[in-house]
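Just so it is clear: chains get the letters A, B, ... in the order the sequence lines come, proteins before strands, and each one is counted from 1. Both backbone and side-chain heavy atoms feed into the values below; hydrogens, waters and symmetry mates do not. All values reported here derive from a predicted model rather than from experimental measurement.
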Amino acid sequence: MSVTSKIQSVVIIALEQLYNHRFGVKDFQINQTKPEFEGDYTVVLFSLLKPLRQSPDVLGNTLGSYLTKQYPALFSSYNVIKGFLNLDISGSFWIGILNDHYQENTFGKKENNGKTIVVEYSSPNTNKPLHLGHLRNNFLGWSVAEILKAEGYNVVKTCIANDRGIHICKSMVAWEKYAGGATPGSTGMKGDHFVGDYYVRFGAEYKKEIQELIDNGMSEAEAEKEAPIMKAAQQMLVDWEAGKPEVIALWKKMNSWVYGGFDTTYKRIGSDFDKMYYESDTYLLGKKLVEEGLKKEVFFKKADNSVWVDLTADGLDEKIVQRKDGTAVYITQDIGLAVEKYEAYHYDQSIYVVGDEQNYHFKVLQLICNKLGLPSSEGIYHLSYGMVELPSGRMKTREGTVVDADDIIDEMIKVAAQKTEELGKVKDFTAEELEKLYNTIGLGALKFFILRVDPKKRMIFNPEESIDFHGFTASFVQFSHARAKAILRNEAPNHQYSLQLNETLLALEKELIILLEKYPAVIHQAAQEHNPSVIVNYCYELAKTFNSFVTEHRVLKAETENKKQLRLRLCRMTANVIASGMQLAGIEVPERM
RNA sequence: GGACCGGUAGCUCAGUUGGAUAGAGCAUCAGCCUUCUAAGCUGAGGGUCAUUGGUUCGAAUCCAAUCCGGUUCACCA
């Protein structure tokens with residue numbers, strides 16, 4: 001039980017004893033005391049004044065003296081300022097917390113609660129390599145999954161590959177026409193980049209053909225339709241759906257190249273999935289549900305045979321769920337997939353990590369599932385994140401300003417290596433150790449930079465700032481961990497030693513313990529909000545406090561043996577919590593750097 | 001035009017869900033390595049929390065209106 005909830009329940013009991021009035025947890029607030037006042041935690045009295053018909057001063061003092069008398073192990077003193085009852089938590093209580101948890105590496109993680117959450121993230125298109133936007137998606141999805149695991153859920157990480165459709169056919173057509181049989185193997189290229197180049201090539205050729213047609217007197221709109229290369233792509237899509245063997249073979253071949261490339265990138269960034277779904281399998285799934293929906297009169301058919309749902313009563317529009325030719329649209333597949341996931345996992349919650357440009361889509365999806373009476377509808381949650389922009393504005397494929405995932409990762413690792421060499425602290429590392437360290441620092445910086453921002457806000461990715469290793473960065477947190485480990489390498493805490501509980505805590509020692517104690521609550525909040533930035537911000541704050549502590553106070557040369565053991569335990573617990581928290585963000589922490 | 005999201009220091013972001021004098025980092029300036037890692041620490045300057053009104057003991061936070069920016073409202077995915 002956290003300190004805050006302890007104080008809460010004790011206050012409730014006290015008020016019942018003193019005033020015979022039963023309050024709930026939400027009837028008053030417990031805050032951390034502002035640094036300019038004396039105390040650790042503060043009971044805000046305002047909301048209690050009216051029901052108890054007391055003045056702030058009287059209530060504060062009555063409650064304060066009752067609490068300190070009844071719970072001397074918890075509270076050492078109090079003061080009342082205006083409507084605030086500031087409580088000093090006794091040092092022995094804090095030292096007890098430290099003693100209880102400094103050795104645990106599962107501190108803050110909850111017991112399994114038997115509930116299952118499906119987290120879908122990444123959802124790549126198999127026609128081009130991953131870019132910065134995908135990285136935000138992957139980092140978020142992976143981290144949220146880990147946070148939910150830590151909070152006690154069974155988590156299934158899933159990925160849906162958008163592996164079919166006109167965009168895939170475009171790269172296929174371009175490859176057939178212009179590659180002359182070249183392969184990733186023959187060119188030494190990474191498969192996803194290789195295929196992506198042909199997607200780009202398609203665009204260029206298409207544009208050329210349009211211009212030619214226009215020059216020959218065709219209107220622009222007509223030219224866009226009539227360009228031979230576009231017709232070829234459309235024909236290929238028809239052939240694909242008809243299952244034409246050579247088209248299917250080509251499709252499989254090119255997709256396998258892309259998957260090869262994706263695997264490499266996923267491995268580098270540490271993304272993993274428990275279950276892969278493929279749009280080429282799922283795109284027909286929703287049709288059965290469309291039939292059912294028609295019978296239940298959730299959907300209706302228009303004269304041209306297309307099927308719609310009327311959401312005007314819910315404040316939205318009419319939305320098509322099946323084309324007039326009977327083929328599935330995007331939302332149809334998603335209805336099918338939602339049901340398939342539910343049947344496979346009987347989830348309590350199904351999270352979709354998808355950009356906020358699809359907010360409307362997921363609102364519709366949930367409404368439709370609800371109207372169809374699917375048990376999955378309640379648990380659908382769209383973890384909507386904002387776009388990643390560059391200082392110059394949105395990334396645009398046409399203007400070539402898209403930041404490629406592999407490129408940025410390479411760059412981060414390169415700069416990490418340069419900086420590490422400059423500092424020259426790890427000259428005794430082997431080549432493998434160095435490579436691992438560069439990866440840890442480079443990739444950590446990237447993940448931290450992206451995850452530190454609240455997911456729902458759009459963010460600006462400044463390449464120069466992202467490779468800064470000072471201040472509010474992963475390196476700072478990693479460095480703090482390495483620093484703690486350096487001390488612990490010199491001397492480990494003596495587990496047999498029994499700390500004196502009456503030891504007076506210095507301000508920074510206490511601050512550290514208070515922060516460490518909050519870690520389980522931080523995980524809880526992050527899980528509740530599906531928000532890794534809560535964890536990342538916490539790790540930074542912890543590292544900052546630790547750095548101040550280590551700079552100002554000696555550990556190994558502490559004034560007394562008791563102080564030394566206390567500080568060693570502080571180092572141990574801080575290192576544990578930093579490592580644990582950063583792990584939840586997918587960021588490793590080195591022993592030395 | 002309808003719906004949704006956002007606007008906090010020069011820049012990038014926090015702000016414990018309504019609490020005390022709004023915080024960090026970067027950048028700028030001034031100090032600190034003979035010491036367990038200086039990728040660090042200490043300090044200074046920097047704010048009309050977009051604007052206006054409302055709700056109440058109390059508002060960056062809740063409500064309304066306005067301004068600015070974004071997304072979306074496809075038989076694309």
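- Sorted by first and then second residue, the side chain to side chain donor-acceptor pair (under 3.5 Å) pairs with a member in residues 466-476 of chain A form an empty list; sequence neighbours excluded.
- At least one cation-pi condition fails for A:R452 and A:Y540: the charged atom is not both under 6.0 angstrom from the six-membered ring centre and inside a 45 degree cone around its axis.
- Annotation: A:H361 is in aromatic contact with A:Y330 [ring centroid separation under 6.0 Å].
- Residues in residues 24-54 of chain A take part in these ring-ring contact (aromatic ring centres under 6.0 Å, His included) pairs, two or more places apart or across chains: A:F46-A:F84.
- If you check distances only, the side chain of A:D317 never reaches the base of B:A74 with a donor-acceptor pair under 3.5 Å.
- At B:U71, one or more side-chain N or O atoms of A:R394 fall inside 4.0 Å of OP1 or OP2 (strictly under the cut-off).
- Applying the salt bridge (charged side-chain N to carboxylate O under 4.0 Å, His left out) rule to A:K319 yields no partners; only residues at least two apart in sequence or on another chain are considered.
- Considering only side-chain atoms of A:R458, the nucleotide from B:G70, B:A14, B:G19 that sits closest is B:G70.
- The base of B:A38 lies outside donor-acceptor range of the side chain of A:T551, with no N or O pair under 3.5 Å.
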Name the atoms and distances for all side-chain donor-acceptor pairs under 3.5 Å in residues 414-422 of chain A, with sequence neighbours left out.
unit_1 : atom_1 : unit_2 : atom_2 : d
A:T420 : OG1    : A:A416 : O      : 2.6

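- The stretch residues 553-570 of chain A comes close to RNA chain B through A:H553, A:R554, A:V555, A:L556, each having a heavy atom under 4.0 Å from the strand.
- Mapping A:I487 and A:T420 onto RNA chain B via the closest heavy atom, the residue that lands nearer the 5' end is A:I487.
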Enumerate all atom pairs, one protein N or O and one N or O from nucleotides 55-61 of chain B, separated by less than 3.5 Å.
unit_1 : atom_1 : unit_2 : atom_2 : d
B:C57  : OP1    : A:K50  : NZ     : 3.4

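- In this view, A:E588 and A:K436, A:T440 satisfy the side chain to side chain contact (heavy atoms under 4.5 Å, CB included) rule, not counting sequence neighbours.
- Taking atom CG on A:L515 and atom P on B:U16, their separation rounds to 16 Å, with Å as the unit.
- When the salt bridge (charged side-chain N to carboxylate O under 4.0 Å, His left out) test is applied to A:K510, the partners found at least two apart in sequence or on another chain are A:D40, A:D88.
- Scored by the salt bridge (charged side-chain N to carboxylate O under 4.0 Å, His left out) test, A:E517 finds no partners at all (sequence neighbours excluded).
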All N/O pairs under 3.5 Å across the protein-nucleotides 21-28 of chain B interface:
unit_1 : atom_1 : unit_2 : atom_2 : d
B:A24  : O2'    : A:Y540 : OH     : 3.2
B:G25  : O2'    : A:F472 : N      : 3.3

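- Helical stems involving RNA chain B, defined as 3 or more consecutive Watson-Crick or G-U pairs under 3.5 Å, span B:1-7 with B:67-73, B:10-13 with B:23-26, B:28-32 with B:40-44, B:50-54 with B:62-66.
- Between A:K485 and A:E591 a salt bridge is recorded (basic side-chain N to carboxylate O distance below 4.0 Å).
- One finds a side-chain N or O of A:K457 lying less than 4.0 angstrom from the OP1 or OP2 phosphate oxygen of B:A14.
- One atom, CG of A:L508, and another, P of B:G40, lie 17 Å apart when rounded to the nearest Å.
- Here A:T574 pairs with A:L512, A:L516, A:L542, A:F546, A:I578 under the side chain to side chain contact (heavy atoms under 4.5 Å, CB included) rule; sequence neighbours left out.
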